[in-house]
Protein chains: 2
Amino acid sequence: MTSSPQTSAFAPAGGAVHTPKADMDVMRCLVCDIRNKSLCSSMDEEGLAALAHSSRQLLLPPGTTIVEEGEPALAFFNVTRGTVKLFKSLPDGRRQITGFADAGQFLGLSTAQTYSFGAETVDNVRLCRFLRPQLEALLSDYPTFERRLLAAVTDKLAEAQEQMLLLGRKTAREKVATFLLDRMRAFHQTANRRQEAENMASVPMTRVDIADYLGLTIETVSRTISAFRRSMLIASAENHRIRILSVATLLNIASGQKAD
Amino acid sequence: MTSSPQTSAFAPAGGAVHTPKADMDVMRCLVCDIRNKSLCSSMDEEGLAALAHSSRQLLLPPGTTIVEEGEPALAFFNVTRGTVKLFKSLPDGRRQITGFADAGQFLGLSTAQTYSFGAETVDNVRLCRFLRPQLEALLSDYPTFERRLLAAVTDKLAEAQEQMLLLGRKTAREKVATFLLDRMRAFHQTANRRQEAENMASVPMTRVDIADYLGLTIETVSRTISAFRRSMLIASAENHRIRILSVATLLNIASGQKAD
DNA sequence: CGCCAGACTTGATCTAAATCAAGGTTGCAT
DNA sequence: ATGCAACCTTGATTTAGATCAAGTCTGGCG
């Protein structure tokens, strides 16, 4: 599926790095820059110490496998920087990316013994890994944390339903418009709000990933983005950024009004 | 979207019936024929009494609206008989059915103030309705119930990811094969296991619903089912049943091996 | 017990997006 | 700086499934 640096979140070679000092680790969650934007926001100071104690921080380069389809579901992850792609594959290699987890999102929940999906870093990713027994202890010890997780999974389910509508019933044009707006929203939630960022979308993934996410081919994605650019609805910006010039028009397209 | 009996789970006209006697109601969950197959299995006898006390039972005819897209999310439901369809729509009427909830499944969870999806009965449906405050009390009072709900939502999310793979990357033939096998599995979980039922699939929904679930048109669904019948992979049976004559072949098709 | 409406099937034609096929760009490694 | 490999774009052609268009089947009701 993906190219070169085939490291793993469990056997960390390549760029994978554990934070070393245990005493610094107690502070990790307390000073985490995205703790208000994630599950961790359900925790008080004591809880944050418990979180830090229950997890290890990993730093992973682009293209690293975090979770392998069909492998034992040993851990749960919280993304604290960068973007992760989640996907499912058919035996012949066709692939569907089921979501992108940006900073503040979790991944790796599973009821079964094995993961039913794969996960791989898109860019440089920092994440916190909770082994299953430790996650379960946290859920039991901190009811607010469990409640927050239930809410987060419920939200993911609503997102998944929205994506099913996109995959089953939207045209290529509508799919790409929806994607760009979603990436703008993701950027707003993630970015450290220097307000230059108005109408910016962060698109760290390749055309292949976008196509596999939208149920299209790379050619169709490319053509559609080019068409939007020609119509002055968007403009390319530096390093994997796109500026959205007409949110309103894109919103119309995304929701199926043929307006353009 | 759907035809005539436009009743509602909140303003029950038509065939909607509340069980009347309060004292009989205490027993309801205790004697429920599907309690081992649903969320309720997490409850002991005392818990079941609390469940019965917190919910009302509704009996709804085919085509009844249970939940309306965009309406306040006031309740949570547990289906105890029949099949419910969940869907999302675009402004111009295009519709995606995101899932069918058979007996034993829940629906109606929402983090937002309003439902992001609609729900409607497919056939005669019996369900238990929990108003939100009552559901929340149950979650707080019965940690095993909350844990079970978390597991159930996690499973639904995995199902949704599987459906995204189907919608984004499978051919019409593969979609229909997958659907028929899923309906067989649903029937096995639901049916009162008279063992005649081997290889039977229950298909109470119309071609329109199947098409809206698989991201196809009714014509393509019809043609594909006809082709499977001609190839002797399936055979029609009495009242909305299909007998699967070659599970193995259908499994191959569903997973993308071109074998037929 | 035969009519009718809704559900389903089948065939002919069309089209959005896939596939096939060249290039063009970019950025990193030498 | 240069070369190459991965990534992206654009054009020509094909095709799976949509759309358009008749029918046929079914079961509930008078």
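So that the names make sense, note that chain A is the first sequence line, chain B the second, and so on, each numbered from 1.
Of the residues near DNA chain D, B/V221 and A/S222, the one whose nearest nucleotide (by heavy atom distance) lies more toward the 5' end is A/S222. Where A/M205 and B/L216 each meet DNA chain D at their nearest nucleotide, the meeting point lying more 5' is that of A/M205. Each of A/A172 and A/E219 lies near DNA chain C, and the nucleotide nearest A/A172 is the one positioned closer to the 5' end.
What separates CZ of A/F228 from C1' of D/dT9 is a distance of 16 Å, to the nearest Å. With rounding to whole Å, B/R169 atom CZ is found 16 Å from D/dA16 atom P. What separates CD of A/E238 from P of C/dG27 is a distance of 12 Å, to the nearest Å. Rounded to an integer number of Å, the gap from B/H240 NE2 to D/dG27 C1' is 10 Å. Atom-to-atom, CD1 of B/I218 to C1' of D/dA21 comes out at 12 Å; the value is rounded to the nearest Å. Distance A/K175 NZ to C/dA16 P: 14 Å, rounded to the nearest Å. Going from atom CG of B/L167 over to atom P of D/dA16 covers 20 Å, rounded to whole Å. One can place CZ of B/R207 at 17 Å from P of D/dG17, the figure rounded to the nearest angstrom.
Taking only side-chain nitrogens and oxygens, B/S226 comes nearer than 4.0 Å to OP1 or OP2 of C/dT10. Residue B/R229 has a polar side-chain atom (N or O) positioned under 4.0 Å from OP1 or OP2 of C/dT9. Contact annotation: B/T220 side-chain N/O to D/dA16 OP1/OP2 distance is not under 4.0 Å.
Within 4.0 Å (heavy atoms only), A/T206 reaches sugar-phosphate atoms of the nucleic acid but no base atom.
Cation-pi contact between B/R129 and B/F77: absent, since separation from the ring centre below 6.0 Å together with deviation from the ring axis within 45° is not met.
Side chain to side chain, A/T190 and A/D102 fail the donor-acceptor criterion of an N or O pair below 3.5 Å.
Between the B/T80 side chain and the B/R126 main chain, a donor and an acceptor come within less than 3.5 Å of each other.
Residue B/R223 places a side-chain atom within donor-acceptor reach of the base of D/dT19, judged by atom type and a 3.5 Å distance cut-off alone.
Using a cutoff of 4.0 Å between basic side-chain nitrogens and carboxylate oxygens, B/E238 and B/R243 are not scored as salt-bridged.
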Return a table of donor-acceptor pairs under 3.5 angstrom between the side chains of residues 221-228 of chain B and protein atoms on other chains or two or more places apart.
residue, atom, partner, partner atom, Å
B/T224, OG1, B/T220, O, 2.6
B/S226, OG, B/S222, O, 3.0

